[in-house]
Amino acid sequence: MAKRYWLLKSEPDAYGWNDLIKQGEGTWDGVRNHRAANNLRAMAVGDEAFFYHSNEGREIVGIAQVSASGLTDPTDPEGKWAAVKVTPLRKLRRPVTLKTIKADAALAGMELVKLSRLSVSVVTQEEWAHVLELAGG
DNA sequence: GCCAACGTTGGC
DNA sequence: GCCAACGTTGGC
């Protein structure tokens, strides 16, 4: 299957891009929303994901790559929820803010915009390419 | 700090 | 099974 694209949201206070850089690899767990969990389960190794800072910054700061998929959430005692591992791929030349995304007609349909509380969302190939353009490549 | 959106819970 | 109440998230 072709590579797919995602967006991972995190509060920089709790776990930011710099934390991912520092650790080299991060486990994406603790997701307790069914739609977000479904997205997690759909991820495959090699897929790429925007790393978005919520609350503080409110911008896409970098790109992460899925390094392990289909894991069971280690923070879930019942083992029902999913998790993946990601590694930092690269930082964006220019962060792309939520404001910019909302103001851009080509990105108005993003799951991030439509379901603002979703912590793991889908990014289409077109949206991915467009955000990269805004980021200066 | 406020509030809208959404999910979950619990009474019926 | 419906729906009101409540809690949480996250943008502003």
Side-chain angles (χ1 to χ4, degrees):
Chain A
M1 186 180 280
K3 185 188 283 188
R4 287 204 268 180
Y5 301 101
W6 311 94
L7 183 142
L8 298 172
K9 191 189 290 187
S10 184
E11 295 191 32
D13 276 353
Y15 191 87
W17 173 258
N18 288 334
D19 296 309
L20 182 61
I21 293 284
K22 229 177 293 174
Q23 296 176 12
E25 185 177 53
T27 302
W28 218 265
D29 55 26
V31 173
R32 293 294 181 273
N33 172 285
H34 287 288
R35 183 146 183 177
N38 280 341
N39 287 336
L40 273 185
R41 291 194 186 94
M43 287 187 191
V45 172
D47 283 358
E48 294 182 24
F50 286 132
F51 196 106
Y52 174 85
H53 279 172
S54 66
N55 250 320
E56 243 176 81
R58 269 165 271 133
E59 58 192 9
I60 298 171
V61 291
I63 299 173
Q65 186 159 40
V66 178
S67 55
S69 65
L71 307 176
T72 300
D73 189 337
T75 69
D76 173 19
E78 295 186 48
K80 287 187 303 189
W81 295 95
V84 299
K85 285 188 180 183
V86 296
T87 54
L89 200 58
R90 68 183 175 90
K91 206 172 174 176
L92 292 187
R93 184 117 58 106
R94 282 196 304 268
V96 178
T97 65
L98 182 65
K99 196 178 167 188
T100 303
I101 291 170
K102 282 191 165 174
D104 196 315
L107 301 176
M110 280 183 77
E111 216 173 37
L112 171 72
V113 176
K114 289 191 298 185
L115 297 169
S116 65
R117 288 179 49 205
L118 202 59
S119 56
V120 183
S121 64
V122 176
V123 179
T124 68
Q125 199 171 354
E126 291 76 17
E127 290 161 354
W128 184 269
H130 197 85
V131 170
L132 282 185
E133 266 179 49
L134 294 175

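In what follows, chains carry the letters A, B, and so on, assigned in the order in which the sequence lines appear, proteins first and then strands, with residues in each chain numbered from 1.
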Applying side-chain hydrogen bond (donor to acceptor under 3.5 Å, both in side chains) to A/Thr97 and not counting sequence neighbours gives A/Thr100
Residues passing the side-chain hydrogen bond (donor to acceptor under 3.5 Å, both in side chains) test with A/Arg93, sequence neighbours excluded, are none
Quick one: does any side-chain atom of A/His53 pair with a main-chain N or O of A/Trp17 as donor and acceptor, under 3.5 Å? yes
Rounded to whole Å, CG of A/Leu112 lies from C1' of C/dG11 at a distance of 11 Å
Rounded to whole Å, the CZ-C1' distance (A/Arg58 to C/dT9) equals 13 Å
note: A/His53, atom NE2; C/dC12, atom C1'; distance rounded to Å ~ 19 Å
A/Asn55 CG to C/dT9 C1', in whole Å, measures 8 Å
- Counting just side-chain N and O atoms, does A/Lys114 come under 4.0 Å of either OP1 or OP2 of B/dC6? no
The complete set of ring pair (Phe, Tyr, Trp, His ring centres under 6.0 Å) pairs with one or both residues in residues 87-121 of chain A, sequence neighbours excluded, reads none
Between CG of A/Leu98 and P of C/dG10 the distance, given in whole Å, is 12 Å
Between OH of A/Tyr15 and P of C/dG10 the distance, given in whole Å, is 17 Å
Taken to the nearest whole Å, CZ/A/Arg35 to P/C/dT8 is 23 Å
Here the distance between atom P of C/dG11 and atom CG of A/Leu115, to the nearest Å, is 13 Å
Here the salt bridge (Lys or Arg N to Asp or Glu O under 4.0 Å) pairs for residues 47-65 of chain A, sequence neighbours left out, are A/Lys3-A/Glu48
What is the nucleic acid contact for A/Lys102, judged by heavy atoms within less than 4.0 Å: base, sugar-phosphate only, or nothing? sugar-phosphate
What's touching nucleotides 1-4 of chain B from the protein side, N or O pairs under 3.5 Å?
none

Residue pairs meeting salt bridge (Lys or Arg N to Asp or Glu O under 4.0 Å), one or both in residues 105-130 of chain A, sequence neighbours left out, come to A/Arg35-A/Glu111
